[in-house]
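Below is one structure; the comments refer to it alone.
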Amino acid sequence: MGQSKAMAGVYIACAAAACAAAAVVLTQRVKVRSQKYTARKILVEFQEACETPLPRLRQVVDAMAVEMHAGLVSEGGSKLKMLPTFIDHLPDGNEKGLYYAVDLGGTNFRVLRTQLGGLEGRVIKQEYEEVAIPPELMLGTSEQLFDFIAKELVSFVAREGEDFRLHEGQSREIGFTFSFPCKQTAVNSGTLLQWTKGFKVNDAIGQDVVAALQGSIERRGYKMRIAALVNDTVGTLAGGRYWNNDVMIAVILGTGTNACYVERAESISKWGGELPKSGQMVINMEWGNFWSSHLPRTYVDELLDNESLNPGEYGFEKMISGMYLGDCVRRVLVRMAQQAGIFGPHVPHKLLEAFTLQTPDMSKMHHDDSSDLKMVAEVLKTVYGIHNTTLGIRKIVLAVCDIVCQRGARLAAAGIVGILKKIGRDGSTANGFIRRNDVNGIHDELTVNSIGGSGKTVVAMDGGLYEHYSKFRNYMQQAVRELLGDAAKNVFIELSKDGSGIGAAILAASHAEYVPT
Ligand code: BGC
């Protein structure tokens, strides 16, 4: 009797323990489920806010074309700066001689020399060197920055080999690729309007950057002439045009983003001077600063903008370019970690730090096609020390990458089609003639053949984002095709790798003081 009572006690205790364990498991399951539910809810809301269906993209296309027009009419007429570059003729292959280029714009700095041999020889020889920009220089003084460039340049010049020859009477001339917004006053002078892409060298704003670099070079006892100040888009356009006459537009999709194109000079109403004889002028759009109410802006963009070095500025760039895409993803993950606990009870410390998820890491996760998403797990572990993620959570992370990438790529496509529309190359015209009043009256009347080429339009493209992030590239190309329909057959987007440096050297040649015959 005593024994069976004791047994019953054991049974009851066991059953109670089992019940309690089951309850714990159940509570945990319920918790996990509710976490997943909350995370999914955040995902779906974000996805909806980022959507770029065709009608919306078309609104962005039209807004881009309208803003381009407004920016050409008056200074400050649009957030699009539409800066005249003073480049009124592009290289044609006849350039000859030895020229240099320096290229400052993203995370790396590059110096380059090229020996040009005219139509027959073209680029006879070319050499370049690349160094990472010490991060402290991106936030230091103007003198430190330009002294660094001059130092790298003169040490490169000192190593010029015998294969490179100056003509008699020729001095070394440089194309200076400076990939920030500058208001030019001549082909070889311009003042910096503002910094972008994580640079903030305050005393350089308002300075003539050509004079600053020239001064630093001279202080080192060297005599070189800066023949052209060139935005990287303009260098890419010139480099592309050197080989192909149909290149009309250049786009950079890298750390930052921007576009330039060949405009009819008489469309630039804000141009005060005499119109160039060629009737054309390259316009640096600074499209990173484009803004329109049609852009799909979310809480992520607001937070990112507030914490950026240039709040309120370059909103388009912050949705598209390599400097920012990773951070957009991180901010969604932070919300999921805080509200749904997807990475455990505590939000990993580093995840809260801005810009810790770089776009190349986002791209690695996004391209993970393993069944268990190994790479997603690996990146979360190495970058944030997050272990033991479930497959479900990894899938959610992947989906966030996809949403951010797709939105950026499709907006970039809309930007390109906006330019095509402005110059009458988007197929919305009969026989190449633009009907006036096509887009709120912004279309210029011109024939397809009136500026350059064959009716084909080539967009020269450069930048690591486009080159290395293949899902971004594919989404972008797909959206260009969707937007252009049949006209897509006449539009070619061509990668012009590192074209901006060589393009700047070629522009130095076509704007040189001494022109070898
Ligand atoms: C700059 C542009 C530049 C682009 C691509 C932007 O942040 O404002 O001048 O062309 O980045 O490098």
Side-chain angles (χ1 to χ4, degrees), residues 71 78-87 101-110 130 133 138-139 145 175-184 190-201 204-205 209-210 228-240 249-261 282-291 304-305 308-325 327 355 359 408 411-412 415-416 419 459-469 472 476 495-501 503-504 507:
S78 162
K79 288 209 89 169
L80 274 185
K81 297 181 198 298
M82 303 300 283
L83 301 164
T85 61
F86 289 73
I87 303 284
V102 292
D103 190 341
L104 177 80
T107 37
N108 288 328
F109 166 74
R110 172 187 280 237
E130 193 168 282
I133 299 171
M138 293 165 72
L139 304 169
L145 182 63
F176 179 17
T177 306
F178 184 72
S179 310
F180 301 95
C182 284
K183 183 167 167 41
Q184 294 198 225
T191 53
L192 174 63
L193 294 172
Q194 68 195 94
W195 289 106
T196 56
K197 296 179 286 198
F199 278 72
K200 206 166 169 63
V201 179
I205 296 173
V209 291
V210 173
L229 172 64
V230 179
N231 185 265
D232 51 355
T233 52
V234 180
T236 303
L237 183 76
I249 299 171
V251 174
I252 303 285
L253 286 165
T255 310
T257 183
N258 191 10
C260 76
Y261 71 106
V282 176
I283 298 291
N284 168 14
M285 293 174 60
E286 286 297 322
W287 87 0
N289 204 33
F290 168 67
W291 194 252
L304 187 152
D305 184 46
S308 69
L309 285 176
N310 52 350
E313 302 284 339
Y314 281 74
F316 196 52
E317 175 159 285
K318 288 170 187 165
M319 287 184 169
I320 291 181
S321 81
M323 167 124 189
Y324 303 102
L325 291 186
D327 203 56
F355 298 108
T359 303
L411 292 178
I416 293 174
I419 304 174
V459 179
M461 175 71 75
D462 198 7
L465 180 65
Y466 185 83
E467 190 189 346
H468 302 300
Y469 199 148
F472 184 98
M476 202 203 84
L495 185 68
S496 158
K497 198 170 143 38
D498 300 327
S500 67
L507 281 172

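Below, all heavy atoms of this structure are taken into account, side chains as well, without hydrogens, waters or symmetry copies. Keep in mind it's a predicted model, so treat the numbers as computed, not measured. All ligand and atom numbering here is 1-based and tracks the order in the structure.
- Side-chain contact annotation: Ser500 with Asp232, donor-acceptor N/O pair under 3.5 Å absent.
- Near Pro181, with a cut-off below 4.0 Å to any heavy atom, the atoms of ligand 1 are 8 (O), 9 (O).
- Counting the atoms of ligand 1 from 1 in the order shown, those under 4.0 Å from a heavy atom of Tyr314 are 8 (O).
- Checking Asn258 against Lys81 by side-chain atom types alone, no donor-acceptor pair falls below 3.5 Å.
- The N/O atoms of Thr196, backbone and side chain alike, include one that comes under 3.5 Å of an N/O atom in ligand 1.
- Residue Phe472 holds its CZ atom at 5.0 Å from CG of Leu253, rounded to the nearest 0.5 Å.
- Across every non-hydrogen atom of Gly71 and Ser78, the tightest pair is N-CB, 3.7 Å.
- Remark: of the listed residues Ile249, Ile416, Ile252, Ile416 is the sole one forming a side-chain contact (heavy atoms from CB on, under 4.5 Å) with Met461.
- Among all non-hydrogen protein atoms, the one lying nearest atom 6 (C) of ligand 1 is Glu317 OE1, 3.1 Å.
- Applying the side-chain contact (heavy atoms from CB on, under 4.5 Å) test between Val459 and each of Leu237, Ile419, Val251 identifies Val251 as the sole match.
- Ring planes of Phe178 and Phe176: tilted class, angle from 30 to 60°.
- Checking Leu83, Asp232, Ile252 against atom 12 (O) of ligand 1, the nearest heavy atom belongs to Asp232.
- The nearest heavy-atom contact from the protein to atom 11 (O) of ligand 1 is Lys197 NZ, 3.1 Å.
- By the criterion of a heavy-atom distance under 4.0 Å, neither the backbone nor the side chain of Thr255 is placed next to ligand 1.
- Residue, atom and distance of the protein heavy atom nearest to atom 9 (O) of ligand 1 are Glu286 OE2, 2.6 Å.
- Heavy atoms of Gly288 come nearer than 4.0 angstrom to ligand 1 in no pair at all.
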